[in-house]
Number of protein chains: 2
Amino acid sequence: MFSIGKLGRAARVKVPTIRYYEQIGLLPEPDRSAGNQRLYPRTALDRLAFIRHARELGFPLDAIRDLLGLSDHPDQSCAAADAIARAQLDAVRDRIVRLKALEGELERMLDQCASGTISDCRVIEVLGDHANCAHDHDGKDLG
Amino acid sequence: MFSIGKLGRAARVKVPTIRYYEQIGLLPEPDRSAGNQRLYPRTALDRLAFIRHARELGFPLDAIRDLLGLSDHPDQSCAAADAIARAQLDAVRDRIVRLKALEGELERMLDQCASGTISDCRVIEVLGDHANCAHDHDGKDLG
DNA sequence: TCTTGAAGCTATAGCCACTAGAGCAATTAG
DNA sequence: CTAATTGCTCTAGTGGCTATAGCTTCAAGA
């Protein structure tokens with residue numbers, strides 16, 4: 001049995017994050033010690049490591065909830081898990097495309113800056129006038 | 001003079017967002033009509049367009065606040081504006097690198113999925129065991 | 001056994017940049 | 001004049017945590 005701190009170190013997840021996952025129902029409520037402290041079985045480590053790894057791959061917690069549900073039913077088809085991962089891959093690719101457009105725009109803007117005064121600063125000017133831009137940009141990647 | 005709705009349409013910014021920008025001090029409080037409705041001068045459109053464009057380029061509102069402050073002082077050096085834009089470019093490049101690593105990991109995971117049952121699903125397995133991974137990933141791009 | 005410090009507990013608030021909704025007042029088009 | 005649209009304020013919610021306050025429990029050393 002692990003304390004929450006040991007579990008957190010083992011899975012490399014911060015203690016408040018574990019409590020948060022419990023609060024939103026991603027981790028089951030564990031038993032408590034006589035002094036009301038959480039005591040986790042070994043299986044909690046697997047589940048938490050799964051969550052952490054999926055988070056590192058950018059899956060939102062809702063998708064992780066689904067994946068955890070699937071992993072509890074080993075006999076079913078993995079088509080659903082595949083679909084979730086594929087959606088995540090699509091989302092990641094989408095963000096890369098948009099960020100590359102932003103990168104190009106910022107590069108262009110900075111290339112034109114002659115480091116003079118604000119009044120002839122291309123950075124400020126470009127920001128003030130969309131017509132200076134090469135692309136459209138839709139601002140959906142501003143986390 | 002614009003109503004808030006006309007201003008929003010002109011700058012392509014949603015009305016509640018304009019009120020939010022006012023609330024956090026990014027836009028000055030405008031005069032009101034006899035019936036307490038906001039009335040904006042033409043200059044508000046420039047300022048709002050500037051904000052929207054900077055947001056589309058991924059600048060956080062705090063950086064935009066600084067840029068707006070700079071654009072109000074056209075005689076100063078544009079070095080500060082340049083630095084803000086450069087920091088934003090660095091941040092964008094950083095996110096692209098991390099997202100590409102995630103993309104590769106997800107691709108590998110999906111390539112290995114033979115579409116069988118959950119019990120031999122590589123997607124679930126890879127998520128459960130970090131040792132299957134090619135890279136480290138640090139989970140800092142999960143917005 | 002006592003003590004001290006680390007680790008645990010709950011509850012609340014904050015982060016970013018909005019978005020949604022309730023319930024009402026003002027304006028505008030027909 | 002009426003009905004539709006737009007506006008107003010206020011509150012709460014989003015995602016995924018993180019931080020703080022004020023308390024209790026536990027583990028290790030003297």
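Within every chain, numbering begins at 1; the chains are lettered A, B, ... in the order of the sequence lines, protein sequences first and strands thereafter.
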* Asked: Hey, is the side chain of R19(A) poking within less than 4.0 Å of OP1 or OP2 on dC9(C), counting only N and O atoms?
  -> yes
* Would you mind telling me which residue lines up with the more 5' stretch of DNA chain C, N36(B) or D62(B), judged by nearest nucleotide? => D62(B)
* **Nearest listed nucleotide, side chain of P60(B), among dC8(D), dA17(C), dC18(C)** => dA17(C)
* Do Y20(A) and L61(A) have side chains that get closer than 4.5 Å, going by heavy atoms? -> yes
* Would you mind telling me which of dT9(D), dC18(C), dC17(D) lies closest to the side-chain atoms of R55(A)? => dC17(D)
* Asked: With a 4.5 Å heavy-atom cut-off, do V13(A) and R55(A) have their side chains touching?
  -> no
* Structure fact -> Assign each of K14(A) and S33(A) the nucleotide of DNA chain D bearing its closest heavy atom; nearer the 5' end lies the nucleotide of K14(A)
* Between dT18(D), dC18(C), dC26(D), which nucleotide has the shortest distance from any of its atoms to the side chain of P16(A)? -> dT18(D)
* Look at the side-chain N and O atoms of R32(A) and state whether any lies under 4.0 Å from the OP1 or OP2 oxygen of dT24(D). => no
* Structure fact -> Among dG7(D), dG16(D), dC9(C), the one nearest any side-chain atom of V15(B) is dG7(D)
* Tell me which nucleotide among dT9(D), dG7(D), dC18(C) gets nearest to the side chain of Y20(B). => dC18(C)
* Asked: With a cut-off of 6.0 Å (strictly less than), are more than 12 heavy atoms of other residues, nucleotides or ligands near CZ of R42(A)?
  -> no
* Asked: Does the side chain of F59(A) come within less than 4.5 Å of L106(B)'s, by heavy atoms?
  -> yes
* Asked: Are S3(A) and dG8(C) close enough that a side-chain N or O sits under 4.0 Å from OP1 or OP2?
  -> yes
* How many Å lie between CD on E56(A) and C1' on dG16(D), as a whole number? -> 15 Å
* Asked: Between dG7(D) atom P and L7(B) atom CG, what is the distance in whole Å?
  -> 10 Å
* Whole Å only: how far is the CD atom of Q37(A) from the P atom of dC9(C)? -> 6 Å
* Asked: Just how far, in rounded Å, is C1' of dA17(C) from CD1 of I51(B)?
  -> 13 Å
* Asked: Where each residue is assigned the nucleotide of DNA chain D containing its nearest heavy atom, which of A34(A) and G35(B) is assigned the position nearer the 5′ end?
  -> G35(B)
* Phosphate contact (dC9(C) OP1 or OP2) by R38(A) side-chain N/O below 4.0 Å -> yes
* Structure fact -> Scanning both residues in full, the closest heavy-atom pair of L102(B) with L57(A) reads CD2-CA, 3.9 Å
* Using a cut-off of less than 4.0 Å, is there contact between a side-chain N or O of T17(A) and OP1 or OP2 of dT18(D)? -> yes
